[in-house]
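Before any comments, here is the structure.
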Amino acid sequence: MADRRNDRNKHEPWRDPNAQPYVRIENVTKRFGDFVAVNNVSLKIYKGEIFCLLGGSGCGKSTLLRMLAGFEETTGGSIYLDGQDMAGIPPYERPVNMMFQSYALFPHMTVEKNIAFGLEQEKLSRSEINSRVEEILGIVRLGEFARRKPHQLSGGQRQRVALARALVKRPKLLLLDEPLGALDKKLREHTQFELINIQEQLGVTFIVVTHDQEEAMTLASRIGVMNRGEIVQIGTPTEIYEFPATRFVADFIGSVNMFEGRLVEDLPDRVRIQSDQLGGVIYVDHGISAAPGAVVWVAIRPEKITIQRAQPADMRENCVRGVVKEIAYMGDVSVYLVKIDSGQTMRVTLPNMERLSDDERILWDETVYLTWHPGSPVVVIQ
Amino acid sequence: MARGRPRNDEFNSGRVGPLWDLFFRFGPPRWSQYIRSNWAGQRLVVAVPYVWLLLFFLVPFLIVLKISFAEFSPLGRPPFEPIARFLENGALQINVLFSSYDYLLHEPLYVSAWLYSIKVAFFSTVLCLLVAYPMAYAIARATPATRNVLLLLIILPFWTSFLLRVYAWIGLLKTDGVINNVLLSLGIINEPLAMMNTNFAVYVGIVYSYLPFMILPLYSNLEKHDHTLLEAAQDLGAGPVRSFFSITFPLSLPGVIAGSLLVFIPAVGEYVIPTLLGRTDQLMVAGLLSDEFFRNRDWPKASAVAIAMLLLLVVPIMIFQHFQNRELKAARR
Amino acid sequence: MKRRITFPMIALCVGLLFLYAPIISMIVYSFNNSRLVTVWDSANSPTIKWYLALLKDRPVLDAAWLSIRVAAMSATGAVVLGTLAGLVLARFGPFRGRALLQGLTTAPLVMPEVITGLSILLLFVSLEQFFRIFFGWQFDRGMVTITIAHITFTMAYVTVVVQSRLATFDDSLEEAALDLGAKPAKVFFRITLPLITPAILSGWLLAFTLSWDDVVVSQFVAGPGSNTLPMLIYSKVRLGVNPSVNALATILVLFVAIGVALSAWLMRRAEKRREREMRLAESGR
């Protein structure tokens, strides 16, 4: 048991109160004139993590990344890397490297020269540079393209060159700005896993900025969701998805059915919420911290709802009646938009586990009953 | 231990000389950061072109401005009275005269030169636009390969001597020149046409010299047009002429304005073309300025003419700069 | 698709004829034997006697040599200053005085030459006085003053070319180099400079041509002893058409035509190769 505990702390160091954070961002603020791009952000990132900063455009995630790289100075607060204050250290003296969204490969240099560029700045011997370039080219599987120029490479190859160029410096911290943004969907999925492999192989700490939640979910050990310059929630992908802390997070990550309601019963191990928007009572089998009578929001994920024709025996709680208005067949799942009696529309997804014939399948304008498990709803108070 | 900011690997590894190391260790805590963020080289990079332009472009204008208010003294060296000087009793005497400007406004020779310059520049611009537009349009509609060749043909003359190209027209336009000879031998005319030293010759010269400046902005605008817009217009029932005037031309206005300014502004101040091809009885402003300066040695008047010309051109120049900046910003996106 | 002959195409042909007819007639007449330029002496033409005469014409050769030196020096100076100005405007972000610098660099593009010439001459006159009074040093106007004036009005062109070339590149290239440990000066020489080399080269050629061609500004700032080639031509031309000027013009036009055609061909070849390589890369190999 103790062993398991230790193991868990090793993989999830943020749960270990004694662990030393590798990157410490303390109350960092960045203002551009009157505009506050990053507002009082504090973060602890541990060695070997892939930490994703997730948020929409203009939420301050890129600015935070650029402050870590040293391209922007902080207006307030400090950044420590491995215990060292980064204030005033220019980008070219930071043990941090960045992979740019545009890749920023030097168009006039070959792949080899691009990768060697950073090592040349360290004034290493020619033979060491060559061997390290060769090694990293092997890792990203680009050995045969060493003498090509960037414009002679495909998008995926360019992405790997950019990664190799940043990694070859053996940085303490690698910053990735939308690393997969420029790739098409198929290639992106493949590359995600490749990126994780390389990260595990080299043990470098990654900070990834992305607006793509799917990308964040696959890559990240933890995700920091940002909105309007602030960090709204930090957690593992599961935590972020299953237990969103605010309405914004619940709405931003995945799709969700959200209902405003009032707390009518508040016990340590269960709560009941009366919602007029839903037109019923929601029973949740875990406690929340809110005053009785407070206005709360209940989020239910579409895939956690079951849809059925038969009326359930108990209609009092966690059950609503509605009419199917739209069905979207997506291949792996089908999405149902159900107009419930209160007038709201609920979204329900069902995996297409079997091929159903037309009379087995639920069709348009059918009256259906939606139910969910008391463990599924998430209650947020802001 | 070190004061101030923690030092990074480079300093610790001793790659920086020991003196620097000492300095960073005991120097003012934020000093190193100061020189880093205000990297001396960066200052220098801004300063060099800046100082050059201030000294050789802006300051000269201030001198011109100053001299335009001075009094002309035909025998002086330089030929004007100083604006400010100390008298023998130590008092400062300031001598500011507006007579040169007064002259500018009231002397018929000057007034007519102004009006003539503006007239010539205006009509040349219009003519240039009329000639250039169809050419630019044809180039923009050509296949990419031909387009490059055509553009090269348009630009090529620009790289050859302007002076010689204007000169070449003398040979064509003279009374016994090529055009008259050809027309006479074909029997189209019986008497040689008088084309040299006329308004016509000036227009030809200006249109000819500035044509690339009109074609290129027009072309770069027309080239970007989305061809489907025209197809949409035709689909909606507009004929070719109608869709040209309601779609193509309005969209090309930025190109038209840029090209027109690139022709109009220098045309107002054109010197070589009117002196070589133009009328002998009518000066343009630039000729006037040159005459005042070289022939009459009246520097104050020449300066006043320059300042007035500048004032006249300030508005078009500002519009031009506005467009220029917008182009640069657009290219950045 | 059927190609129809349209009005713009006719206009284009007529326009090109208009552009080239004077140059061609000038070239043809440079081989005319008659001193009366417009009378074609078919008995003794074509002849190259005007070209041979040029070779013995001392003033023309001197002026040409002066012009070449002035043009090369001003182009080089303009490239250095113009590149710095372009870099500052494109990359240094907003700073105090940026608007003024932008104004100072674009104004010479449209400034009438007589104004530029007059104002810079008056500066030189003031400087002359200043040096004479305070240092007892007399400097003469000549090659140096012409070069300074030419640098001033040609650097604007270089600035525009460099600035617009830089605008097509993402600053992230320079940021990446900084991030990889190169100091700002090194970033400039290893990354920025190689990227803008084509712009710098064409800026140099442009500045050279403009300087080589200039007559108005030179006339203002040249001292009594120094005559550039355009000044010489101008003084000959004012007296009327002259067959030796035709010959000279032909030589100059030929030089330019060959140079431009050659560089266009080289650029086209490089572009084609690049396109082919990009197609190869996108096809996944």
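- Of the two parts of B:V204, the backbone and the side chain both hold a non-hydrogen atom closer than 4.5 Å to a non-hydrogen atom of chain C.
- Within the 4.5 Å cutoff, the side chain of B:F293 has no heavy atoms near those of the C:V114 side chain.
- Residues B:L54 and C:L100 meet the side-chain proximity criterion, which asks for heavy atoms closer than 4.5 Å.
- Aromatic rings from C:Y234 and B:Y167 are positioned such that their centres are separated by 6.0 Å or more.
- To the nearest 0.5 Å, the span separating OG1 on C:T152 from CG on B:L55 amounts to 8.5 Å.
- For C:S25, the part sitting under 4.5 Å from any heavy atom of chain B is the side chain, from C-beta outward, and nothing else.
- Two residues are said to be in side-chain contact when any heavy atoms from C-beta on lie closer than 4.5 Å; B:L276 and C:V237 meet this criterion.
- Between C:L16 and B:I154, the closest side-chain pair of non-hydrogen atoms falls below 4.5 Å.
- Counting heavy-atom pairs closer than 4.5 Å to chain C, the top-ranked of the candidates B:L289, B:L153, B:V131 is B:L153.
- Using a 4.5 Å cut-off between heavy atoms, B:W159 contacts chain C through both its backbone and its side chain.
- Considering all non-hydrogen atoms of both residues, B:A168 and C:M26 come closest at CB-SD, 3.6 Å.
- Atom OG in B:S161 sits 9.0 Å away from atom CH2 in C:W212 (nearest 0.5 Å).
- Interface residue B:L310: backbone and side-chain heavy atoms are both found under 4.5 Å from chain C.
- Inter-residue side-chain proximity for B:L53 and C:M155 is flagged as met; some heavy-atom pair is nearer than 4.5 Å.
- Of the listed residues B:V268, B:L211, B:L163, B:V64, the one with more heavy-atom pairs under 4.5 angstrom with chain C than any other is B:L163.
- When the candidates C:T116, C:V80, C:L205 are compared by the number of heavy-atom contacts under 4.5 Å with chain B, C:L205 comes out ahead.
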Distance-only donor-acceptor hits, side chain of residues 301-309 of chain B, under 3.5 Å, sequence neighbours excluded:
{"unit_1": "B:K301", "atom_1": "NZ", "unit_2": "B:D298", "atom_2": "OD2", "d": "2.8"}
{"unit_1": "B:S303", "atom_1": "OG", "unit_2": "B:W299", "atom_2": "O", "d": "2.9"}

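- When each of C:L121, C:T159, C:I151, C:D214 is checked for heavy-atom pairs under 4.5 Å with chain B, C:I151 comes out on top.
- Of the possible polar contacts, one joining the B:Y208 side chain to the C:L19 backbone as a donor-acceptor pair under 3.5 Å is found.
- Comparing C:L210, C:I10, C:T209, C:V14 by heavy-atom pairs within less than 4.5 Å of chain B, the highest count is held by C:T209.
- Contact check for C:L122 versus B:P60: no side-chain heavy atoms found under the 4.5 Å cut-off.
- Of the candidates C:V88, C:L101, C:T105, B:Y50 forms a side-chain contact (heavy atoms from CB on, under 4.5 Å) with just one, namely C:L101.
- Contact count versus chain B (heavy atoms, under 4.5 Å) is highest, among C:A257, C:A107, C:G117, for C:A107.
- Once rounded to the nearest 0.5 Å, the distance linking CZ of B:F61 with CG of C:L123 reads 11.5 Å.
- When each of C:S119, C:P112, C:A249 is scored by its heavy-atom pairs under 4.5 Å with chain B, the top score falls to C:S119.
- When heavy atoms are compared at a cutoff of 4.5 Å, C:Q219 approaches chain B by way of both its backbone and its side chain.
- Taking the six-membered ring wherever Trp is involved, the centroid distance between the rings of B:F57 and C:F153 does not fall below 6.0 Å.
- How far CG of B:L156 is from OH of C:Y20: 4.0 Å, rounded to the nearest 0.5 Å.
- Heavy atoms closer than 4.5 Å to chain B are found in both the backbone and the side chain of C:F220.
- For B:F294, the CZ atom sits in a packed shell: over 12 heavy atoms of surrounding residues, nucleotides or ligands are nearer than 6.0 Å.
- The parts of C:T106 that come within reach of chain B are both its backbone and its side chain, each placing non-hydrogen atoms under 4.5 angstrom from that chain.
- For B:N180, no part sits under 4.5 Å from any heavy atom of chain C, backbone or side chain.
- Using a 4.5 Å cut-off between heavy atoms, B:L313 contacts chain C through its side chain alone, with no backbone atom that close.
- Under the 4.5 Å side-chain criterion, counting only non-hydrogen atoms from C-beta, C:P8 is not in contact with B:R141.
- The SG atom of C:C13 sits 9.0 Å away from the CE atom of B:M135 when rounded to the nearest 0.5 Å.
- Evaluated for a side-chain contact (heavy atoms from CB on, under 4.5 Å) with B:W52, the options C:L81, C:L84, C:L104 yield exactly one hit, C:L81.
- With respect to chain B, the highest number of heavy-atom pairs below 4.5 Å among C:G82, C:A85, C:P108 belongs to C:P108.
- For an aromatic pair to be called close, the ring centres must be under 6.0 Å apart, and B:W169 with C:F18 satisfies this.
- When heavy atoms are compared at a cutoff of 4.5 Å, B:Y133 does not approach chain C at all.
- Taken to the nearest 0.5 Å, the CD1 atom of B:I215 stands 8.0 Å off from the CG atom of C:L12.
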Practice problem: In sequence, state the C-alpha distance, the side-chain angles, and the governing distance for C:V215 and B:Y271, and then conclude on side chain to side chain contact (heavy atoms under 4.5 Å, CB included). | Solution: CA-CA 10 Å; C:V215 55; B:Y271 173 72; over 6 Å; no

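- Of the two parts of C:L206, the backbone and the side chain both hold a non-hydrogen atom closer than 4.5 Å to a non-hydrogen atom of chain B.
- When heavy atoms are compared at a cutoff of 4.5 Å, C:V253 approaches chain B by way of both its backbone and its side chain.
- With contacts defined as side-chain heavy-atom distances shorter than 4.5 Å, the pair C:M9/B:Y137 does not qualify.
- With a threshold of 4.5 angstrom between heavy atoms, C:A156 does not approach chain B through any atom at all.
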